[in-house]
Each structure stands twice: as structure tokens, then as C-alpha cells.
Amino acid sequence: RDFWCLKKLRKTSCKDSDFYYIMKKSCNEFKLEVEISADLKKGGCLSNASYIPIAKARGFATHWIKFFYLLFLYAFRSIIRSRGGKMKKTVYHGSDHIIERPKYGYGKIYNDYGVGFYCTENQNMAKEWGVSADKNGYANRYEIECDGLKVLNLNMRDYTMLHWLTILLENREFDASTPLAAEAKEYLLQNFHLDYEKADIIIGYRADDSYFSFAADFINGAISYRQLSNAMRLGKLGQQFVLKSRRAFERLEFTGYEIASVQEWYKRKASRDHMARRQYFDLERNRRQRGDLYITTILDEEMKPDDPRLR
């Protein structure tokens with residue numbers, strides 16, 4: 001006579017929260033409903049929702065109502081935490097000058113993710129990016145509220161390293177000088193393309209010259225998929241947090257900056273790049289393992305994004 005009812009009502013306007021629900025627990029003794037409040041029904045985000053218990057009880061069932069309400073509340077909060085909760089982020093942009101109001105639509109078209117404002121959540125990384133060989137840099141600091149924005153996080157399980165690589169191939173200048181590289185590029189663009197231009201924010205690897213060369217080695221069949229995945233973590237270059245849309249730019253609030261001295265931070269920058277290259281050649285490039293997955297196998301077997309070997 002006891003049963004659960006989980007009813008999907010409709011999608012919200014927020015990508016981070018796919019649905020809202022009414023959950024019911026019913027039996028002969030009592031009825032309990034926990035309903036997400038009306039602000040969510042009007043298009044709000046799950047992370048902004050409040051929880052309203054609606055209970056009808058008789059006799060001894062009251063304590064069970066409290067128990068189930070707390071259970072539902074814990075479950076919803078777990079969903080919120082797993083999806084990022086309230087996404088007010090502090091991000092940094094490394095530059096040779098102070099940028100209080102970044103301009104939408106400006107930037108190099110050949111950057112990793114195309115035109116956008118490239119940031120990081122790591123302040124020290126921003127200092128390295130901002131400094132040059134003979135000039136101090138700045139780590140510009142911003143806050144941005146991401147609730148309600150479409151965030152494409154390439155680190156999520158839905159995506160593979162090949163999704164990131166495909167975006168790279170669409171934006172960076174890549175010389176497909178061999179037949180294998182040309183075929184691989186065409187196959188990846190056809191099968192691993194993401195509509196990333198519709199995202200307000202993109203989170204993913206940063207491919208400077210060293211890391212781009214690792215990707216080129218994979219496309220040319222010199223290293224395996226496993227080796228590429230490992231190589232992208234060498235030197236701990238970090239993740240990029242890229243603002244792509246006008247909506248994202250409008251949410252960005254400048255909160256200050258820190259100076260990056262050339263004496264300290266350029267040395268760190270050069271050391272990180274050198275370490276990544278050395279580790280790549282010492283640990284990865286020449287260490288093939290039995291069963292390694294190469295681009296030739298991906299092409300021959302026409303592997304798709306849902307193939308478990310790419311996870």
C-alpha cells in the first residue's frame with residue numbers, strides 16, 4: 001500500500017537543473033508532498049529553489065512526515081552540490097595591463113576556444129600568463145554569477161579528450177601535412193563536434209605551444225590516447241575559464257588586481273613549460289603500453305563519443 005511517486009513536470013530555463021519534481025509518499029495513515037517553490041516554476045534555477053512541505057497527517061504519522069521531509073531536503077541539496085550550487089566564481093585574467101571593463105567580441109580568433117575573454121580560477125596561473133620576459137604583468141580579479149548561464153565544462157563525464165581536441169582543431173592553426181593527420185582531423189570534426197559557440201562560458205584545458213604539440217603528436221599517430229590524456233596534465237598548466245557570450249560579459253564585475261613581477265613570475269612560467277616538455281619526452285612519448293589506443297584504431301573502428309574506451 002506504500003508507494004513512491006516521482007513525477008517529471010517540465011524543463012526549467014536553467015541548463016544546470018534539468019527538471020523540478022513533486023515527490024509524494026502516500027499510505028493509509030498520511031500523505032506527504034514536498035514541492036519546489038513557485039520561483040522555480042517561473043524559470044528559476046534549482047540552486048535558487050526553496051522547499052515547501054505540504055503535509056496532511058493523522059496520529060502517529062507526524063514524525064514520519066518530518067523524517068521524509070528532511071530526506072527530500074537532503075536529496076535536493078545533494079543534487080545542488082553536485083551541479084555546482086550557487087556558481088558565484090572568482091576568476092583572474094593575466095595581462096600586461098589592468099582591464100576593468102573587458103569588451104565583448106574582442107580577441108584573437110585563433111585562441112583555443114575562439115574569440116572570448118580567457119580567465120582562470122588560479123590567481124598564480126594568471127600571474128604567469130600576464131608576465132612577459134621584460135615586463136611586469138597583472139592578475140586582474142573578477143567575480144561572476146554563473147547561475148542561469150550555459151556552462152560547457154569539458155571536464156564533465158559527458159565529454160572526452162577528443163571533444164576538447166576537436167574544438168582546438170576548429171580554432172587553432174593546425175598543419176595537417178600527412179594523410180593520417182588530414183583524415184583524423186576530418187573524422188573528429190564530423191563525429192566529435194560540439195556546438196560550443198552557444199555556451200556562455202567554457203571550462204577546459206589550456207593548450208599553449210607545448211600542449212598543442214602534444215595534441216599534434218596524437219593526430220599524427222605518434223602517441224596514444226592514454227599518453228595524450230596524461231600529457232595534458234604535465235606541468236599542471238591548469239584550466240581556462242572562458243567567457244563567450246554577451247550575457248557572460250554583463251555578469252562580470254571587476255574587483256581589483258595584483259601585480260606580477262617579471263623577476264618572479266616569468267621564471268616560474270618558463271620553468272613550468274620546461275618541466276612539461278621534459279616530463280613528456282621522459283615519461284610519456286616513448287612509453288607505449290600493450291593495448292594503447294591510437295588514432296588509427298579510432299579511425300578504423302569508427303569510434304564514437306559513447307565508446308567506453310574513450311572515458
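Numbering starts at 1 and runs along the sequence shown.
- The hydrophobic clustering, which links ILVMFWY residues whose side-chain heavy atoms are closer than 4.5 Å, places F249 and I99 together.
- Hydrophobic clustering (ILVMFWY, side-chain heavy atoms < 4.5 Å, transitive): F174 and M161 are in one cluster.
- Here the straight-line distance linking atom CD1 of I203 with atom CD of Q239 works out to 8.0 Å at 0.5 Å rounding.
- Under the 4.0 Å criterion applied to side-chain N and carboxylate O atoms, E253 and R101 are not assigned as salt-bridge partners.
- One finds a salt bridge joining R272 and E128 here, because a Lys/Arg side-chain nitrogen approaches an Asp/Glu carboxylate oxygen to under 4.0 Å.
- When all heavy atoms are compared, the tightest approach of I298 to L310 is CD1-CD2, 4.2 Å.
- Side-chain atoms of T120 and V91, non-hydrogen and from C-beta on, never get closer than 4.5 Å to each other.
- A distance of 12.0 Å separates CZ in R268 from CE in M275, rounded to the nearest 0.5 Å.
- Minimum heavy-atom separation, Y142 to H93: CE1-CB, 3.8 Å.
- C146 contributes atom SG, which lies 11.0 Å from atom CZ of R247 (distance to the nearest 0.5 angstrom).
- The main-chain N or O of I295 is never found under 3.5 Å from a side-chain atom of Y187 such that the two would form a donor-acceptor pair.
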Task: Derivation and outcome, side-chain contact (heavy atoms from CB on, under 4.5 Å), residues K135 and V262 - done: CA-CA 6 Å; K135 188 178 180 181; V262 62; over 6 Å; no

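- Residues R206 and D112 are not paired through a salt bridge, judged by the lack of any N-O separation under 4.0 Å between the basic side chain and the carboxylate.
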- [ ] Dump the intermediate steps for side-chain contact (heavy atoms from CB on, under 4.5 Å) on F254 and I98, then the final yes or no.
- [x] CA-CA 10 Å; F254 179 75; I98 299 169; 3.9 Å; yes

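- Residues passing the side-chain hydrogen bond (donor to acceptor under 3.5 Å, both in side chains) test with N171, sequence neighbours excluded: Y196.
- Not a single donor-acceptor pair under 3.5 Å links the side chain of K244 to the backbone N or O of K198.
- Atom OG1 of T255 is separated from atom CD of E100 by 11.0 Å, given to the nearest 0.5 angstrom.
- At least one donor-acceptor pair under 3.5 Å links the side chain of N122 to the backbone N or O of N124.
- Under a hydrophobic clustering in which Ile, Leu, Val, Met, Phe, Trp and Tyr are joined whenever their side-chain heavy atoms come within less than 4.5 Å, directly or via other members, Y113 and L194 fall into the same cluster.
- Using a 3.5 Å distance cut-off with no hydrogens or angles, the side chains of S261 and N136 do not pair a donor with an acceptor.
- In this model, a donor atom of one side chain and an acceptor atom of the other lie less than 3.5 Å apart for N153 and N155.
- Distance check: E186 CD to L169 CG gives 12.0 Å after rounding to the nearest 0.5 Å.
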- [ ] Decide side-chain contact (heavy atoms from CB on, under 4.5 Å) for L180 and T296; before the verdict, give the C-alpha distance in whole Å, the side-chain angles of both, and the deciding distance to 0.1 Å.
- [x] CA-CA 8 Å; L180 175 59; T296 49; 4.0 Å; yes

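- For the atom pair CD (E121) and NZ (K89), the distance works out to 4.5 Å, reported to the nearest 0.5 Å.
- The nearest pair of heavy atoms linking S245 to D200 is OG-OD1, 2.6 Å.
- Between R141 and T90, some side-chain heavy-atom pair lies under the 4.5 Å cut-off.
- Looking at every heavy atom in both residues, A139 comes nearest to A126 through CB-CB, 4.0 Å.
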Open item on the list: For a side-chain contact (heavy atoms from CB on, under 4.5 Å) check, start with the C-alpha distance between I201 and F241, then their side-chain angles and the critical distance, and finish with the verdict.
Closed with: CA-CA 7 Å; I201 292 170; F241 187 99; 3.8 Å; yes

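- In terms of modelled atom types and a separation under 3.5 Å, the side chain of E145 and the main chain of D147 share a donor-acceptor contact.
- In this structure, Q289 and Q227 have side chains that are not in contact, with every pair of non-hydrogen atoms separated by 4.5 Å or more.
- Of the possible polar contacts, none joining the D307 side chain to the M303 backbone as a donor-acceptor pair under 3.5 Å is found.
- Counting only distance, with no hydrogens or angles, the side chain of T297 and the backbone of L293 share no donor-acceptor pair below 3.5 Å.
- In this structure, E250 does not pair ionically with R246, as no charged nitrogen and carboxylate oxygen lie closer than 4.0 Å.
- Looking at residues two or more places apart in sequence or on another chain, you find a salt bridge (charged side-chain N to carboxylate O under 4.0 Å, His left out) between K127 and E258.
- Between the side chains of T160 and H163, at least one donor N or O lies within less than 3.5 Å of an accepting N or O.
- Hydrophobic clustering places F218 together with F214 (ILVMFWY residues linked when any side-chain heavy atoms are closer than 4.5 Å, directly or through intermediates).
- Here the side chains of Y294 and Y225 are not in contact, with every heavy-atom distance at 4.5 Å or above.
- Shown here for A215 and L165, the closest heavy-atom pair between the two residues is CB-CD1, 3.5 Å.
- Looking at Y104 and F117, their side chains never come closer than 4.5 Å, going by heavy atoms from C-beta outward.
- Proximity of K108 to V115: side-chain heavy atoms (C-beta onward) are nowhere separated by under 4.5 Å.
- For the 3.5 Å distance criterion, the side chains of S95 and H97 qualify, holding a donor opposite an acceptor.
- Contact detail for R311 and P305: the closest heavy-atom pair is NH2-O, 2.7 Å.
- Here D292 pairs with S224, R226 under the side-chain hydrogen bond (donor to acceptor under 3.5 Å, both in side chains) rule; sequence neighbours left out.
- A cation-pi arrangement is found for K103 relative to Y106, the charged atom lying closer than 6.0 Å to the ring centre and inside a 45° cone about the ring normal.
- Between W164 and Y205, the ring planes lie perpendicular to each other; the angle is over 60°, past the 30° to 60° tilted range.
- Each of L154, L162, L188 was evaluated against I167; a single residue qualifies, L154, per the side-chain contact (heavy atoms from CB on, under 4.5 Å) test.
- At a threshold of 4.5 Å between side-chain heavy atoms, the hydrophobic network of Ile, Leu, Val, Met, Phe, Trp and Tyr places F212 and I109 in two separate groups.
- A 6.0 Å sphere centred on OH of Y118 holds more than 12 heavy atoms belonging to other residues, nucleotides or ligands.
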